[in-house]
Every structure is written in structure tokens, then in C-alpha cells.
Amino acid sequence: MHAIVNTAQAQAWNGYEGAHWAAHQERWDAVNAGFDQPLLDAAVITPGDHVLDIGCGAGATTLLAARAAAPHGSALGLDLSGPMLQRARAGAENADFANVRFEQGDAQVHPLPRSTFDVVISRFGIMFFSDPAAAFANIAAALRPGGRAALLCAAEPEGNQWLTALATLADLLPLDGFGKPGPGMFSLAPPGAAAALLKQAGFQNVRTEHVTAYGSWGHTAAEAADFLLDSGPGRHLLTQTTPSTAARAQARLTDALRPHEGDAGLRLRSTGWLLTATTPEA
């Protein structure tokens, strides 16, 4: 693993948060899968393309990219999280993908090969940079002239039903600042924030589309509440209160999620910004 300057995120994604995502890979993929097709459509990956997947996590989007680029193209997944990359490599081996590989590293400083990739993609992996300008400049330099970018980041917090459900716990848990712009999940939520960074990094033809998708969070409200409160942020909130208050919060969150139950399980809407851009032609 090469140098990492994004130390806080490295600690999180190699600690409880990364372990939780790795252990529940299928469930997290079900939460975000509704964004996969819009991302792939925007990326326009064709056979023979070499694709870079930033913040690839457990590798779901990297494998989709590798399949689209086959037989002569390839996909490289880059992520900070050792536990998630372990799942990614196992998934690629089980699926018998020969044109995919994964590297652990910090996109801000990782020595990506210059002018190599045809396409860069990311499904919600670009919001966690401590130095986003450095990260996007490094990514841009790894793309060939005329290369394409298709990137997803979280949009307005209030458009995410999982977060509005958590907001019902404001009098029970220390939610101050949770879901607001800043380092982390909603760092690029303000309109135009991500586009400005891409332009600063030298990207051209930058376009932003607001997208929404529904994800599966479990079969029942109780299952979804358990999942939310067992994730990194949820667990952090519960550790700051008493067991009795935590139990009340779990019961209330279950009630808040119950209206979203249906025949297909419990589904919640999430929002994002889908960014597309190109690097200058030679």
C-alpha cells in the first residue's frame, strides 16, 4: 500500500466502518444498486476500454466495468479499505474475472499511471477526500487525452429517506451536524461543488444531473433499523447515549421506517449528483 494522507478516512474504512461494509457487502450493494445503470450509461464503457474505479469498495461497480470492457479491456478498483478490497478480490475470483484488479491506496496521492485510463467511474466514492482538489487532479492525470469521467456523489441530505428517518431521533441521539455539508458523505452535496472541483482539475464538458434511486434496506422496518444503527455512523451515535435511550431510538426508528415496507421489502429513496466530464484532447 502506498502513502496515505487521508488518515481519518483510512482509519474509518480500515476499522469498524470498513469491516461492516465488507461483512454486509450484498446489503450495501442492494442499497446503492439503483444507481448502477445510470452510472454505466453515463460512462459509455466499450470493449477494450481501460477503466479506473475510485472508491470501489467491495468491487461491485468494478466488476460491472470489467464486464463491459471485456474481452480486451480492463478495470482497476482503488480504495482505502483493506477489508472491502479483500471482499472485492474474492468476488472477482469467484466470478472468474481475469481483467480486473484492485489496489489499496489514497486517490489523493496514489501513483496512478499517467495518461492510461479511458474512463474513470465512481459510485459514491468521491465525497471522502480530505483534499479533493489534489484527488481530482491526480485522477485527471491518469486519464488519457479525451478520456471520460462518470462520477456519483451524494446530493441534498433531505432527499434521502434514510436520513429523514434518522432525523426523528434528534431528541434522543446527538445528531447535530449529521448530514450537513463538510468532510464526509455530504461534502459535495451543495449544487455546483463537485463540478467546480472537476473544472479546477482541468476537466472539460462538465455536466451535472440530479438523479434519484430506490434501494433495498431489508425485508422489514425492524431489520432496516438494525442495519442503519449498526453501520459506522449509527453505531457511533448509539455509543454516545445510554442503553435505555438506544433502545427507545431503535423502536422509534423502526416506527419511522414502517411506512416504507412493501411487497418487495423496505425500499428508501436516495439522491445524487451524476457528473460527466472529459479530459482535453491532445
Side-chain angles (χ1 to χ4, degrees), residues 1 4 6-36 39 53-66 75-95 97 100-107 110 121-130 135 151-154 157 160-163 165-166 178-179 183-188 213-219 223-239 253 265-268 270 272:
M1 183 175 64
I4 288 177
N6 199 359
T7 53
Q9 290 299 324
Q11 290 170 0
W13 292 105
N14 286 289
Y16 184 86
E17 186 76 355
H20 187 275
W21 276 70
H24 301 282
Q25 174 196 354
E26 294 84 1
R27 294 193 65 179
W28 282 114
D29 284 340
V31 166
N32 292 313
F35 292 99
D36 288 348
L39 179 65
D53 187 2
I54 297 294
C56 65
T61 48
T62 320
L63 295 184
L64 290 173
L76 169 65
L78 180 68
D79 202 280
L80 283 171
S81 176
M84 296 176 76
L85 289 174
Q86 185 176 2
R87 286 299 303 266
R89 293 185 179 108
E93 184 175 349
N94 291 338
F97 274 72
V100 63
R101 61 190 179 91
F102 298 94
E103 292 183 7
Q104 186 175 6
D106 180 351
H110 193 70
I121 63 171
S122 182
R123 187 187 71 181
F124 300 120
I126 63 170
M127 303 98 68
F128 303 99
F129 301 135
S130 59
L151 311 168
L152 272 165
C153 63
N160 297 275
Q161 290 176 325
W162 64 268
L163 190 54
L166 274 180
F178 191 80
M185 188 179 305
F186 294 102
S187 65
L188 300 178
Y214 281 82
S216 176
W217 288 78
H219 295 94
E223 183 181 332
D226 283 345
F227 185 55
L228 263 172
L229 292 176
D230 192 44
S231 68
R235 181 173 176 268
H236 175 71
L237 291 171
L238 291 185
T239 60
L253 182 59
L266 192 141
R267 293 171 60 78
L268 299 174
S270 295

Testing the basics here: between [X] and [Y], what is the closest heavy-atom pair and its distance to 0.1 Å?
X	Y	result
Ser122	Ile54	OG-O, 2.8 Å
Phe102	Ala92	CE1-CB, 4.0 Å
Asn14	Gly82	OD1-N, 2.7 Å
Thr61	Ile121	O-CD1, 3.9 Å
Phe128	Phe124	CE1-O, 3.6 Å
Pro83	Ala22	O-CB, 3.5 Å

Within the 4.5 Å heavy-atom criterion, are [X] and [Y] side-chain neighbours or not?
X	Y	answer
Leu166	Leu229	yes
Cys56	Leu85	yes
His236	Tyr16	no

For [X], does the [atom1] atom sit with more than 12 other heavy atoms under 6.0 Å from it, leaving out its own atoms?
X	atom1	result
Gln86	CD	no
His24	NE2	yes
Glu93	CD	no

Going from [atom1] on [X] to [atom2] on [Y], what distance comes out if it is rounded to the nearest 0.5 angstrom?
X	Y	atom1	atom2	answer
Leu76	Arg101	CG	CZ	4.5 Å
Leu188	Leu152	CG	CG	11.5 Å
Asp230	His20	CG	NE2	4.0 Å
Leu80	Glu17	CG	CD	12.5 Å
Glu223	Leu228	CD	CG	11.5 Å

Keeping the roles fixed (side chain from [X], backbone from [Y]), state whether a donor-acceptor pair exists under 3.5 Å.
X	Y	result
Asn94	Gly91	no
Arg123	Asp36	no
Ser187	Met127	yes
Asp79	Ser81	yes
Arg267	Trp217	no

- prompt: Who pairs with Gln25 by side chain to side chain donor-acceptor pair (under 3.5 Å), at least two apart in sequence or on another chain?
  reply: Arg87
message: Once you measure the plane-to-plane angle for Trp28 and Phe227, does it fall in the parallel (<30°), tilted (30-60°) or perpendicular (>60°) bin?
response: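 Ring orientation, 0 to 90° scale: tilted.
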task: Please work out which of the three classes, parallel, tilted or perpendicular, describes the rings of Trp162 and Phe186, given edges at 30° and 60°.
output: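 Geometry flag for Trp162 against Phe186: parallel rings.
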